[in-house]
Amino acid sequence: MSENVVHLYKDPTPGPEDTPTPLTVVAEAPTVPLWVRSGRAIRRLITDEHTTTVVRAMARHSLYTFNGGRIVARRTWDSRTGARYERMLRAAEASGNYEVAEEWEERLQRFRDARHRRRMDLLHSPLDAAKGVAVGTGMSIGVLVGLGIVMALNTKDVGDVITPLRATIEFIAALIRIVQIIWPTAVVVGPLLALLAMWTVGSKQQAAPQWALPANVRSGEGEPITPSIVVKALRDLGVPALRNAIKDMGDGGAGMLGPIRMAGCGVEVDVLLPSGVSTNEVQNKRRKLAENLTRHEHEVFITIPEAARTVRLWVADSGALDEPIGPSPLVSDETMLADYAKGRAPWGQDLRGDAALLSLFQRMILVTGLSNQGKTAALRALVLWLVLDRRVEFRIADLKGAGDWAMFDGLATVLIQGPTDEHVIEATEMLEAGVEEMNRRLQEPPGAVFDPLICIVDEAQVAFMCPVKDEDKRPYGGSKSNSRYFMACRKIHNQGRAVNVLLWQGTQDPTDQNLPKLVREGAHTRASLALGTESQARMALGDKAVDGGAAPHLLRPGLDKGTLVVASDGIEIPKGQASITVRTHYIDNDTAYAITDHAKALRDGITTLHAVESGEERDELADILTVLGDASRVLTADVLKRLSALSEDAYGTWTPGDLKRVLEDAGAEPYKSGGRMVVGRERVTRALANRDADGSASASE
């Protein structure tokens, strides 16, 4: 071991005689032992990129040859024995398919019988072969001699009798000499050709460890999904029972797999798990399974079909889910109309690439997810389709107030926009007015048909978290029985469906505080974008959907915007599954305005109320003129509905008789048009002008 060495030198410069000669201290650099320098050089050599590349190449090609030989040997063994039949027999027994097992057993028995006959024939073949050779040789000599006799007669030379026989012997001798010349080369080249054949088989099968394969092969980007890849991914999943079962299967686990089917931008396969392996053991290993399949976690979905002990794997093509899905049919078809009762809203595409169509008929809807994941756009896309049905009335409360719903001004009878407590109060009163309308409809004679009334609250968590109380000390927010917003939601959920009064809500980051259990469970269609935890996923979709494979908490926030996991009987879900993943169409604000302009052209003028007013004196005739809008005449039933939306307190209990009384007193009585009673705008305008003129004249007097 080396140490720092210190040397003392005399300064050669002479000094005064009485001054001692100074000494200079020089420290030499420590020397590194030879074995340390050698070790470092060896380490640099071993870790050098060129060295590792060469080592990988040598290992790869050597293992190609070795494993290729194993593959050829196994194929040869399978062709000469009943091993293949026995493997298929054990696989059929392991999967419980005993009919197939019996069929393979019969095939194995037929193979053994045929092999036994061949072996018995071999016992007699040497004697038969000797007899055949003797007879053949005799006949051949006879033929050659006969040919020689003919030649001798023709040439008058007795020596030509043996000429054919001599030529044959010389030909055989030439062949022997050729073999003697070629044989040394064949002894060397033959094994080399055999090794080349084994290397070819091994390279085609990529029969080498992952670390030895080339970089482009190890990455696996775009690698097709094959049965062997799926079985290997399951075997390496880290589930001991599954790994041991695959090892014991004669077919290497192929019997577990159903057919691999093309499914949109990926493939789908059902896996029958062996006994002792539960489906949740595979579900909980989603990330590892995806990596074993050379995919990202978001590119593999695991669901539970109806069959017992079975998981259904959907594996996307690499990068396919990051591509846009194209525009909504609402954008490409400007003539599209909606049908609330029989139609289905074009919401987006499922993972197979098929159109995801959602029925909205008598269904409460809840859309949730983290902030800025596309919740408002997903909910608004449904409304933009349904607004093309002129029979549907909308009352909208946007408790964010960023203008995302501003295009419905002139289509919705109520439009509240803002995040303050005052806006929450107005949204609550809007829902309570919906409850009153629901109760009125429920008291109508049986068989009455009602136009749909959709109450929409976006950012509903703002309402549930509102701390304000009314004059009776009743809170607007919360989840207690005296909470006004909560109870309005519960009442509509309980009975609104029967009379087409529905509640749609959008909320973010669900918890028990901002989305009470009774409210979220009252929705018939529950959809969730990306969430943070599994507990939130259960709140959004319910335990059944999550236990069946729904995993919105595994979506990528920010990258999977607009991707929803939907649990609903209003959308076509593959048989046996509890949910479906939908990539929704994105409709921007400009396009949304174009669609709502088209919807306005389909309807009579609608006056949108921007705040719920109550407890004040009303000018009844002026309110009637307001709700008539720009239409020349409106049905009396529609006027009553619009008045009720304008002020539930003032007009919620009005009957056609009340409306007729006010109009007759003003001289603008209703009249029939097309066999139905209507209110004419011109009459109301004239009556209001005459009244104002009379009032001015009286004041001047």
Side-chain angles (χ1 to χ4, degrees), residues 45-46 48-92 94 104 107-108 111-112 114-115 118-119 122 175-176 178-237 243-257 260 291-294:
L45 178 63
I46 292 175
D48 184 74
E49 181 179 356
H50 297 288
T51 304
T52 55
T53 302
V54 171
V55 170
R56 277 202 303 266
M58 293 175 61
R60 177 168 65 252
H61 294 294
S62 300
L63 290 169
Y64 279 170
T65 305
F66 176 75
N67 291 326
R70 293 177 56 192
I71 294 172
V72 172
R74 183 171 182 176
R75 290 175 179 174
T76 304
W77 177 260
D78 285 347
S79 65
R80 305 296 298 174
T81 66
R84 177 166 58 93
Y85 299 95
E86 292 175 356
R87 284 201 307 271
M88 301 305 294
L89 174 60
R90 288 196 299 269
W104 282 110
R107 292 183 182 182
L108 176 60
F111 171 81
R112 287 172 174 171
R115 184 178 60 184
R118 290 194 300 271
R119 289 176 176 175
L122 287 176
L175 291 177
I176 292 173
I178 292 172
V179 170
Q180 289 175 342
I181 294 171
I182 295 176
W183 180 252
T185 304
V187 170
V188 176
V189 175
L192 294 179
L193 293 176
L195 290 175
L196 179 61
M198 291 188 293
W199 178 89
T200 302
V201 173
S203 64
K204 288 183 178 180
Q205 296 292 329
Q206 296 292 332
Q210 284 290 316
W211 61 266
L213 296 177
N216 60 336
V217 177
R218 291 197 307 271
S219 66
E221 292 297 331
E223 184 177 0
I225 300 300
T226 62
S228 60
I229 289 176
V230 176
V231 172
K232 186 176 183 298
L234 293 169
R235 185 195 66 196
D236 299 338
L237 205 54
R243 181 181 63 251
N244 295 334
I246 293 175
K247 183 178 179 181
D248 294 339
M249 291 181 182
D251 61 349
M256 298 191 306
L257 306 183
I260 297 179
E291 292 173 351
N292 290 348
L293 293 170
T294 64

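All figures in this text were calculated on a predicted structure; none of them were measured in a lab. These numbers come from the heavy atoms of this one structure, side chains and all, not from hydrogens, waters or symmetry mates.
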For the CG atom of Leu195 and the CZ atom of Phe66, what is their distance to the nearest 0.5 Å? 12.5 Å
Test: side chain to side chain donor-acceptor pair (under 3.5 Å). Region: residues 180-199. Which pairs qualify, not counting sequence neighbours? His61-Trp199
Rounded to the nearest 0.5 angstrom, the CG-CD1 distance for Leu293 and Ile225 is 5.0 Å
Grab the two heavy atoms, one from Ala186 and one from Pro191, that are nearest each other, plus how far apart they are. O-CD, 3.9 Å
If I take atom CD1 from residue Ile229 and atom CG from residue Leu234, how far apart are they, to the nearest 0.5 angstrom? 12.0 Å
To the nearest 0.5 Å, tell me how far Thr65 OG1 sits from Arg70 CZ. 13.5 Å
Could you please spell out the steps behind the side chain to side chain contact (heavy atoms under 4.5 Å, CB included) verdict for Met256 and Val230? CA-CA 10 Å; Met256 298 191 306; Val230 176; over 6 Å; no
Residue set satisfying side-chain hydrogen bond (donor to acceptor under 3.5 Å, both in side chains) with Asp236, at least two apart, ordered chain then number -> Lys232
Are there over 12 heavy-atom neighbours, none belonging to Arg115, within less than 6.0 Å of that residue's CZ? yes
